[in-house]
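A short worksheet on the structure shown next.
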Amino acid sequence: MKRIVIFASGNGSNAQRIIEYFRGRNSARVVRIYCNNREAYVLKRAVQLKVPALLFDRNDFFHGSRVMNQLKQDMPHLIILAGFLWLIPESILSAFSGRIINIHPALLPGYGGKGMYGNRVHQAVLDAGDTESGITIHRVNEQYDAGEILFQAKCAVEPGDTPETLAARIHRLEYKYYPEIVERMLDEMG
Ligand code: GRF
């Protein structure tokens with residue numbers, strides 16, 4: 001049984017989807033949610049789904065050892081970012097080299113980088129007049145949204161779309177593909 005941990009800062013619908021996907025299978029388990037925002041709805045989901053959560057602050061993450069110590073205990077095969085808004089420090093990147101992945105709600109390398117999250121991404125796609133958008137699953141490195149692209153899926157931008165309607169279409173792609181790509185990566189690790 002492989003171990004997964006999920007880093008999330010907000011709503012956590014992808015986190016929930018991944019937790020539930022692997023509950024129906026024997027290949028992997030989500031062993032902990034790591035969260036940097038005490039107001040985040042993902043913490044309520046963690047309680048409901050009976051997944052332990054670690055809440056940490058900026059100082060813990062960038063200067064302390066709480067997060068690294070917990071990761072050493074959890075020994076995840078993969079660290080999954082799902083709506084996590086801080087860069088990952090070098091100490092964690094090097095300890096889990098190549099084993100940290102993120103999902104971005106657009107077709108990178110477009111519409112990524114610092115400050116490009118949530119509806120800002122979808123608004124930028126609409127402002128540009130693009131006819132398609134999608135999702136990108138990529139490895140995490142020391143820059144925002146810049147690591148190796150592992151998977152993309154596309155959807156249409158429809159006339160009359162708002163950031164909210166486009167976000168809903170993109171969330172459906174995320175829910176379908178994020179768990180599957182995670183599973184595939186775990187399989188490939190042997
Ligand atoms: C997703 O759209 C994901 O692509 C982005 O942040 C959003 C998180 O949504 N990185 P949720 O918290 O999983 O509902």
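Counting starts at 1 for both ligands and their atoms, following the listed order. Quick note: residue numbers are just sequence positions, from 1. No hydrogens, no waters, no symmetry mates; every other heavy atom, side chains included, goes into these values.
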Quick one about Arg45 and Asn11 (side-chain donor to acceptor, distance below 3.5 Å, no hydrogens or angles considered), yes or no?
yes
Pair Asn36-Ser9, side-chain donor/acceptor within less than 3.5 Å
yes
Would you say Gly12 touches ligand 1, if touching means a heavy atom closer than 4.0 Å?
yes
Could you pull out, from Glu174, His171, His122, the option with a heavy atom nearest to atom 4 (O) of ligand 1?
Glu174
Is the closest side-chain donor-acceptor distance between Gln73 and Asn69 under 3.5 Å?
no
Proximal atoms of ligand 1 relative to Gly83 (non-hydrogen, under 4.0 Å):
6 (O), 8 (C), 10 (N)
A student checking ligand 1 against Asn11 at a 4.0 Å heavy-atom cut-off should list atoms 12 (O), 14 (O)
Run the salt-bridge test on Lys114 and Asp145 with the 4.0 Å N-O cut-off and return the result as yes or no.
no
Is there a polar contact between ligand 1 and Tyr175, counting only N or O atoms under 3.5 Å apart?
no
Side chain or backbone, does Ala15 bring an N or O within less than 3.5 Å of an N or O on ligand 1?
no
Where is the nearest protein heavy atom to atom 10 (N) of ligand 1: which residue, which atom, and how far?
Ile103 O, 2.9 Å
Kindly confirm or rule out an N or O of Gly10 lying under 3.5 angstrom from an N or O of ligand 1.
no
Is there a donor in the side chain of Tyr21 and an acceptor in the side chain of Glu180, or the other way round, less than 3.5 Å apart?
no
Please report which non-hydrogen protein atom sits nearest to atom 14 (O) of ligand 1, along with the residue it belongs to and the distance in Å to one decimal place.
Ser13 OG, 2.5 Å
Closest heavy-atom pair, Glu183 versus Ser27, reported as atoms and distance to 0.1 Å, is OE2-OG, 3.6 Å
Shortest non-hydrogen contact from Pro163 to Leu126?
N-CD1, 3.5 Å
